[in-house]
**Student:** 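Have a look at this one.
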Amino acid sequence: MTQRTVRTELETKINTWALSKNLPVSWENVPFEKPDSTFIEVFIIPATTINPNVSANRSTNYGMLQINIHTKSGAGTKQSEVLAQELIDLFPVVPKSGTVSIEQTGSILNAMYDAQWRILPVRFRYRQENY
């Protein structure tokens, strides 16, 4: 298993959900023109790979999945909080999503603001076992 596998599994699940909501998605390092309406931004942030034995024939990839929900500034908090909860429900701790496990319930972080957007981050810890 590789980081590419992690990215494919997580992004596929997010894309299916976003399509069902008609919600534009900004993927990492892919050109994206911000719409005038709600959209999400996806980041997969790898962490240190761990080898649980000396022979290194097994490894565990760890990291964070962060999804930023962009809603229009001044429109209140309801829409972004509903979407955040839907994302948390989309990635339960059990069962696995393919080969990737979500390590703990997703967290809604403090919102950030700019002139046009309220940005609500939702973060998940993931793990992938490689045997």
**Student:** Test side chain to side chain contact (heavy atoms under 4.5 Å, CB included) on E103 and Y126 and set out the steps.
**Tutor:** CA-CA 5 Å; E103 291 290 286; Y126 70 79; 5.8 Å; no
**Student:** For D114 and Q116, does a side-chain donor sit closer than 3.5 Å to a side-chain acceptor?
**Tutor:**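 There is no such pair between these side chains.
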**Student:** Is it the case that the side chains of E86 and W17 hold a donor-acceptor pair, with the cut-off being a distance below 3.5 Å and no angle test?
**Tutor:**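 Distance-only check passes for W17 and E86.
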**Student:** So how far is it from T77 OG1 to R118 CZ, rounded to the nearest 0.5 Å?
**Tutor:**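 It is 5.5 Å, given to the nearest 0.5 Å.
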**Student:** Could you check L65 against V100 for side chain to side chain contact (heavy atoms under 4.5 Å, CB included), going step by step and ending with a plain yes or no?
**Tutor:** CA-CA 11 Å; L65 165 63; V100 179; over 6 Å; no
**Student:** Walk me through it: do V25 and V42 pass the test side chain to side chain contact (heavy atoms under 4.5 Å, CB included)?
**Tutor:** CA-CA 7 Å; V25 180; V42 178; 3.8 Å; yes
**Student:** Measure the spacing between CD1 of I44 and CD of Q3 and express it to the nearest 0.5 Å.
**Tutor:**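 The distance works out to 6.5 Å.
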**Student:** Rounded at 0.5 Å granularity, tell me how far CD1 in I14 sits from CD1 in I40.
**Tutor:**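 One gets 6.0 Å once the value is rounded to the nearest 0.5 Å.
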**Student:** Quick one: sort the F32 and F39 rings into parallel, tilted or perpendicular, breaks at 30° and 60°.
**Tutor:**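 Plane angle between 30° and 60°, so tilted.
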**Student:** W27, I69: one ILVMFWY side-chain cluster at the under-4.5 Å cut-off?
**Tutor:**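 W27 clusters together with I69.
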**Student:** For T38 and Q79, which I'm curious about, is there any donor-acceptor pair between the side chains at under 3.5 Å?
**Tutor:**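 Indeed, the side chains of T38 and Q79 share at least one donor-acceptor pair under 3.5 Å.
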**Student:** Can you tell me how far apart OG1 (T71) and CD1 (I119) are? Round to the nearest 0.5 Å.
**Tutor:**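 It comes to 9.0 Å.
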**Student:** Taking Q66 for the side chain and I45 for the main chain, is one N or O donor matched with an acceptor at less than 3.5 Å?
**Tutor:**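 Pair absent, no side-chain N/O of Q66 close to backbone of I45.
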**Student:** What distance separates E9 CD from Q128 CD, expressed to the nearest 0.5 Å?
**Tutor:**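 Between atom CD of E9 and atom CD of Q128 there are 6.5 Å.
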**Student:** Does the side chain of Y62 come under 3.5 Å of the side chain of R127 through a donor N or O and an acceptor N or O?
**Tutor:**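 Y62 vs R127: no donor-acceptor pair found between side chains.
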**Student:** Once rounded to the nearest 0.5 Å, what's the spacing between atom OG of S101 and atom CZ of F124?
**Tutor:**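 If we round to the nearest 0.5 Å, S101:OG and F124:CZ are 14.0 Å apart.
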**Student:** When you measure from the side chain of K13 to the backbone N and O of F91, does any donor-acceptor pair fall under 3.5 Å?
**Tutor:**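 Here the side-chain-to-backbone pair does not exist.
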**Student:** If you apply the rule side chain to side chain contact (heavy atoms under 4.5 Å, CB included), what do you find for I108 with E81, and how did you get there?
**Tutor:** CA-CA 8 Å; I108 299 171; E81 290 172 353; 5.7 Å; no
